[in-house]
Amino acid sequence: MQVDDKLIDKLAHLSRLEFENEAKEEIKKDLNRILSFVEKLNELNTDNVEPLVYMTDEVNVLRDDEVKQTITQEEALKNAPKRDSDYFRVPRVVEKK
Amino acid sequence: MTEKYEAVIGLEIHIQLNTLSKAYSSDSTEFGNLPNTNVSVISLGHPGTLPMANKKVIESAVKLGLACKCHITEFNGYARKNYFYADLPKGYQITQDKTPICTGGYITIKNKEGKEKRIHLTRIHMEEDAGKSIHDQDPFDTLIDLNRAGVPLLEMVSEPEIKSGEEAYQYVTEVRKLVRYLEICDGNMEEGSMRCDANISIMPKGSKVFGTKVEVKNMNSIRNVQRAIEYEIKRQAELLERGEKIKQETRSFDAVAGTTFSLRSKEGADDYRYFPEPDLQPVIVTDEYKQKIKSLLPPLPDELFKKYTEDYKLSSYDAGVLTESKEIALYFEELCKHCSNYKAAANWVMGDIKSFLNERALHINNFPLAPKVIASLIRLIEEGKVSHSAASQKIFPILIENPAKSPLEIAQENNLIQESNANSILPMIEEVIAKYPEKVEAYRAGKKGLLGLFVGEVMKLSKGKADPKMTNQLVREKLES
């Protein structure tokens with residue numbers, strides 16, 4: 001798999017990042033290097049191997065439907081870059097109409 | 001023009017579950033609290049926090065699946081659906097992708113003529129709600145309230161087997177009835193605890209190739225689901241007639257104008273980069289668990305409808321009214337345990353009891369009379385001890401004020417026991433006949449309409465206590481002898 005400008009643009013959009021000129025060339029190189037490194041895994045035959053998703057064999061780790069108040073409103077809002085007394089504030093998400 | 005085309009409609013319904021705590025964390029789901037108070041470090045998406053699944057969500061999903069005759073998935077994994085939006089703190093929604101908890105199954109709808117049709121389900125899966133974005137309170141900022149972030153949802157996806165707005169209306173009505181019977185969701189579309197998106201396309205009649213589909217959102221009542229679909233079918237047909245193409249897009253319903261408008265194009269298909277959620281261990285649904293949940297299911301509206309029409313021989317209209325809400329159906333069920341005159345029982349529930357509840361804006365759970373009491377009132381009528389009108393107009397209102405008394409006591413105290421003894425009615429009939437000799441002649445000469453006059457006179461003499469049915473019969477016998 002080759003990382004080209006089109007793929008960089010797509011990934012940049014999906015991750016809400018911007019890469020221009022030099023930065024774009026650099027990230028392209030980086031990603032290509034990472035891919036070729038990971039491609040080494042293709043040397044192994046994994047035909048009958050299930051992907052490993054879970055680190056333990058535990059199943060049905062469930063909790064009862066009980067309410068626990070663990071933090072206050074003030075604590076919830078504390079680390080926000082922008083807030084008021086009740087809400088998180090973010091740049092206006094424009095709704096077309 | 002729309003006759004040339006047929007519509008292909010699939011519905012996605014989001015069912016907000018009425019659990020006390022959220023899907024993957026213990027913060028409250030209570031509606032109407034101050035913004036950003038029903039939150040925890042997990043629902044806020046703080047780094048290093050781990051979700052833990054709520055038992056009740058799985059129970060609700062299995063209940064709904066069993067009620068819809070779905071296949072229940074044994075091995076349930078969770079997945080991350082990745083997208084950026086300010087009201088999604090983690091940057092992904094925890095949902096299910098490859099292993100939805102229910103697959104297959106169906107919802108039965110009835111069209112206007114009472115004909116049944118099955119709308120099959122593709123899947124039902126478990127996921128979580130996002131927070132709420134408020135765009136109209138500040139000119140520069142969007143305000144974010146995360147109280148709803150992480151509230152559990154079931155998403156129910158139908159096959160594209162719905163053909164019209166009317167069928168969609170029936171389908172959503174049935175789903176709402178079902179989640180209310182199961183008590184897993186309050187089914188309130190106006191408040192958003194049940195939300196419906198429609199995928200709509202049209203194609204020339206008889207075609208096998210589906211047209212381009214348009215997704216319509218923001219229909220906040222069942223009636224609006226129907227209106228939006230009907231408008232959209234018309235809009236698409238007009239476009240095709242003009243030789244234009246349908247754009248693949250997401251549209252929103254404008255309830256005031258009754259139209260839809262474009263929200264966003266779907267041409268560059270969304271890339272959600274689903275992958276397995278490694279922070280939640282899989283959930284195994286065993287046969288034993290399914291059996292346990294099955295034993296907890298209440299009687300379902302479909303089964304009750306069938307019982308009422310087939311076993312109780314009630315009309316489908318009556319059965320429909322009686323099964324509309326679970327509480328009414330359960331009251332009727334209890335009543336039928338004490339009364340085998342099902343038609344009379346149905347009439348009392350749908351007539352006197354329902355109008356009393358409507359008048360007082362009461363819920364059946366607050367109705368003062370036990371089904372057993374209504375059953376004994378019906379029995380009084382059947383035994384001929386009181387007339388139907390006395391039961392309905394006199395005894396019933398007094399009973400409601402005196403729920404501890406029996407209908408018989410009230411009938412006796414108020415002198416409402418009717419004469420159903422021929423020996424006491426006959427002398428009154430003799431009296432009436434003697435009073436109107438010329439009318440008797442006229443009756444015997446063929447003026448049969450005069451029967452009512454005689455019966456009325458006897459009723460008057462008895463002060464309304466003569467059994468009208470018996471009086472009728474005795475008067476006729478007497479006149480024709």
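Below, each value reflects all heavy atoms present in this structure, side chains not excepted, and no hydrogens, waters or symmetry copies. Each chain gets a letter, A, B and so on, in the order its sequence line appears, and its residues count up from 1.
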Cationic N near anionic O, under 4.0 Å, B:Asp141 to A:Arg92: no
Which portion of A:Leu14 sits near chain B, non-hydrogen atoms under 4.5 angstrom: both
Best-contacting candidate, B:Leu143, B:Leu280, B:Val283, against chain A by heavy atom pairs under 4.5 angstrom: B:Leu143
Axial cation check for A:Phe19 ring with A:Lys24, 6.0 Å and 45° limits: no
Largest heavy-atom contact set with chain A, pairs under 4.5 Å, which of B:His46, B:Glu30, B:Lys56: B:Lys56
Heavy atoms of other groups near A:Glu18 CD, more than 12 under 6.0 Å: no
Proximity breakdown for A:Thr56 and chain B, heavy-atom pairs closer than 4.5 Å: both
B:Asn36 (side chain) donor-acceptor with B:Ile144 (main chain) under 3.5 angstrom: yes
Backbone N/O of B:Lys22 and side chain of B:Asn54: donor-acceptor pair under 3.5 Å: yes
Check: B:Thr142/B:His135 side-chain N/O donor and acceptor closer than 3.5 Å: yes
Greater than 12 external heavy atoms within 6.0 Å of B:Glu74's CD: no
Most contacts with chain A, counted as non-hydrogen pairs under 4.5 angstrom, among B:Glu277, B:Glu59, B:Lys55: B:Lys55
Under 4.5 Å from any heavy atom of chain B - which part of A:Gln69: side chain
Within 6.0 angstrom of A:Asp4 CG, more than 12 heavy atoms from elsewhere: yes
Residues in residues 86-100 of chain B near chain A [non-hydrogen atoms, under 4.5 Å]: B:Ala86
